[in-house]
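As the structure is a prediction and not an experimental result, all values here were calculated from the model. Counting starts at 1 for both ligands and their atoms, following the listed order.
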Amino acid sequence: MQEAFAQIAAAERDADTFELRLDMMTRPNIARLIDATRKPVIATCRPVREGGVFAGTERERIGMLDLASVFGAAYIDIELSTSPGIIAELVARRKECKVIASHHVLDGTLFDIRRIFQALTSTGADVIKFAYEAADAWENHLAFDFLLRARSEKRNAIAVAMGEAGTPSRILYRKFGGWATYASPDGLALAAPGQIPAAELKTLYRVDNLNPSTKVFGVIGNPIRQSKGVYVHNPLFRSAKKNAVYCRFLVDDLPLFMRHLSPHLDGFSVTLPHKQGVMEFLDDVDGASRAIGAVNTVTRKGKKWIGCNTDAPGALDAIEGVAKVRDRRVLILGAGGAARAIVFEAQQRGAHVKIANRTFARAEALAKAMHAESVRWNQIDRTDFDILVNATPVGMLPHEDESPVDRSLLNRKVVFDAVYNPPETKLLKDARKAGARVVTGASMYINQAALQSAMYIGRKPSLAKMRKLLLGS
Ligand code: NAP
């Protein structure tokens, strides 16, 4: 009870309605709980079979819901698995207190969404609710289809895909005509996996402003929870007054994402491991992306998907903010996706590129493909260069004490580290001490995100604003 009062107080500002999970409290004083807020209350007493914790009899459970309706709950939530006679009775004798009929598929079992929709609507409840577990972003389309059908039949509906992969369903519900979403109080434990704090839903994702015309953008990848794009693109949409939202999509199965979810999107950023794989689903990619062999931005032109790569100019614009690369010797550490983009763009801008990689065969292959020079990892200290680029994850958290090269090599050079977590890596700290000019991974991130934003919004944002959004300074 005490915890419930604290949660109500914590969310009073952001919540429009409270759900009281009576099953999670021992001997709840229902009248006092309902009186603790002026907002409408949904009373729920979820039995174990539907993922709740209420283990008493059905009679006791329904008795608690009855009490809640007497004490002023605006809604009671009754599960489809309850005896049809009881549901019919609750629906028939409702007055002020409305009924939400709900169904939860918890264990990832297959389900027939049409049958569930029909069963829920046939109860005659005022609101229908369907929740299921999603393991991959494409599965959000089931929630969207459910809501679209409800909208076409003018029914109040809630559809939630649970789990991290389901967060888009919690954000985008209004776009598809959903009646409500569930959120957690700020700073308190989540009531369900994938829930987003109410304040974040309102201020970052601006869910109250979303509507069927809202354009949906996002970032696809796996893992995705570390991606900072939502904190950059959503505020930029807001200041550009663009009716758009940017979500994280946890994508494992790319073909299913492209088939079921991409039709709802207007553009998306691409991160590991899909930068190469996404190319086969696009109608066109620009020449640079083709040469690099990777795409990090996808935009819609009419019915076509177009891919491009903003990592490459993002990195070189960052380096050239400190020193021009034309006719300079640029030593690039790494032969993965980021290295490939940087090699290509550095050469475009007239640099002489050398590539060193832990696995020498990959350095050789990349050097051969790009007409650059390859260097063995143990020969780095005998290699001349003006500009050093780290395009490996060495130095990234939690290995922030590591650096790919010895400090003695950095005297008065230009040193760029693509790693942006931590913002100042050991390599960059060493470089500063050695009198080198340093370029951070954050500058590359900001530049590439600004180029993406220009494509999503139609004009380039100020880099100072981007820096503030990302670094808070
Ligand atoms: P990737 O395709 O997986 O390539 C990783 C490269 O790092 C490979 O060449 C690998 O060498 C090398 N490597 C991995 N662990 C190493 C170690 N312990 N010692 C030496 N070399 C090692 O990754 P990526 O996409 O190119 O990303 C590389 C880095 O750039 C990441 O830290 C990423 O966060 C960063 N990045 C930053 C931005 C930005 O906006 N700032 C954008 C993209 C990427 P092998 O071939 O021997 O495995």
Side-chain angles (χ1 to χ4, degrees), residues 219-229 231-233 269-278 289 292-297 308-319 321 331-346 353-367 369-370 372 374-380 388-406 415-428 438-453 463 466-467 469-471:
V219 52
I220 67 166
N222 184 12
I224 202 64
R225 74 179 65 134
Q226 78 296 343
S227 166
K228 295 190 181 348
Y231 304 112
V232 172
H233 291 291
S269 317
V270 187
T271 188
L272 295 179
H274 300 307
K275 288 187 180 185
Q276 285 87 30
V278 75
S289 309
I292 294 164
V295 148
N296 80 331
T297 312
C308 70
N309 191 313
T310 67
D311 281 337
L316 265 293
D317 288 352
I319 297 170
L331 174 59
I332 297 176
L333 310 179
R340 226 184 143 85
I342 296 168
V343 170
F344 172 82
E345 189 71 18
V353 173
K354 303 176 189 189
I355 304 162
N357 192 48
R358 181 178 61 177
T359 309
F360 182 59
R362 287 187 77 195
E364 264 188 315
L366 182 57
M370 302 282 210
S374 56
V375 172
R376 287 187 188 276
W377 194 255
N378 60 9
Q379 299 284 314
I380 291 174
L388 180 74
V389 170
N390 177 35
T392 77
V394 178
M396 192 157 87
L397 283 171
H399 303 291
E400 70 270 31
D401 296 334
E402 294 173 11
S403 168
V405 297
D406 193 81
V415 179
F416 164 56
D417 199 339
V419 172
Y420 59 84
N421 195 10
E424 179 104 343
T425 57
K426 173 152 187 340
L427 173 65
L428 295 187
V438 307
V439 183
T440 64
S443 339
M444 171 182 173
Y445 182 85
I446 287 166
N447 288 341
Q448 64 79 26
L451 292 166
Q452 288 181 328
S453 185
L463 292 181
M466 303 275 297
R467 184 165 285 277
L469 287 171
L470 195 69
L471 305 172

What is the minimum heavy-atom distance between S443 and A318, and which atoms define it?
CB-CB, 3.8 Å
How close does the nearest protein non-hydrogen atom get to atom 30 (O) of ligand 1, and which residue and atom is it?
A418 CB, 3.7 Å
Going through the checks in order, is the side chain to side chain contact (heavy atoms under 4.5 Å, CB included) test met by K275 and D311?
CA-CA 11 Å; K275 288 187 180 185; D311 281 337; 2.7 Å; yes
I'd like to check atom 23 (O) of ligand 1 in this structure: does the protein have a heavy atom lying under 4.0 Å from it?
no
Region of Y420 that comes within reach of ligand 1 [heavy atoms, distance under 4.0 Å]:
side chain
Atoms of ligand 1, numbered as shown, that sit under 4.0 Å from any heavy atom of V419
32 (O)
The residue among T425, I380, L427 that forms side chain to side chain contact (heavy atoms under 4.5 Å, CB included) with P404 is L427
Min N/O separation V394 to ligand 1 under 3.5 Å
no
Please confirm whether the backbone N or O of I342 pairs with a side-chain atom of E345, one donor and one acceptor, at under 3.5 Å?
no
Kindly say whether A361 contributes a backbone atom to a donor-acceptor pair with the side chain of T359 at under 3.5 angstrom?
no
To the nearest 0.1 Å, how far is atom 39 (C) of ligand 1 from its closest protein heavy atom, and which atom is that?
M444 SD, 3.6 Å
Please check whether G441 reaches ligand 1 - meaning an N/O of the residue sits under 3.5 Å from an N/O of the ligand, judged on distance alone.
yes
Given V389, which of V353, V439, I319 fulfils the side chain to side chain contact (heavy atoms under 4.5 Å, CB included) condition?
I319
Contact (N/O only, under 3.5 Å) between M396 and ligand 1:
no
W377-ligand 1 polar pair, N/O distance under 3.5 Å:
no
Compare A391, A318, A312, G395 and give the one whose heavy atom is closest to atom 28 (C) of ligand 1.
A391
If you have a sec, work out which protein heavy atom is nearest atom 2 (O) of ligand 1 and how many Å separate them, to one decimal?
G337 N, 3.0 Å
Of all heavy-atom pairs between G293 and R340, which one has the smallest distance, and what is that distance?
N-NE, 4.4 Å
Could you work out, for atom 13 (N) of ligand 1, the closest of A335, A315, G334, P393 by heavy-atom distance?
P393
Note the single closest protein heavy atom to atom 46 (O) of ligand 1, along with its residue, its atom name and the distance in Å.
R362 NH1, 2.7 Å
Within the 4.0 Å heavy-atom cut-off, what N357 brings close to ligand 1 is side chain
L388 and N390: side chain to side chain contact (heavy atoms under 4.5 Å, CB included), yes or no, with the steps?
CA-CA 7 Å; L388 180 74; N390 177 35; over 6 Å; no
Between T392 and ligand 1, which part of the residue brings a heavy atom under 4.0 Å of the ligand: side chain, backbone, both or neither?
both
Looking only at protein heavy atoms, what sits closest to atom 4 (O) of ligand 1 is G336 CA, 3.4 Å
Looking only at protein heavy atoms, what sits closest to atom 48 (O) of ligand 1 is R358 NH2, 2.9 Å
Closest heavy-atom approach to atom 43 (C) of ligand 1 among E402, K275, H399, R340 is made by K275
Main-chain N/O of R362 paired with N357 side-chain donor or acceptor, under 3.5 Å:
no
For residues P313 and L451, report the shortest heavy-atom separation together with the two atoms involved.
CG-CD1, 3.7 Å
Please work out which of A356, A338, S443 has its closest non-hydrogen atom nearest to atom 44 (C) of ligand 1.
A338
Mind listing the closest non-hydrogen atom pair of L463 and A450 along with its distance?
CD2-CB, 3.7 Å
Looking only at atom types and distance, does a side-chain atom of Q452 sit under 3.5 Å from a main-chain N or O of N296, one as donor and one as acceptor?
yes
Could you find the nearest protein heavy atom to atom 45 (P) of ligand 1 and give me its residue, atom name and distance?
T359 OG1, 3.5 Å
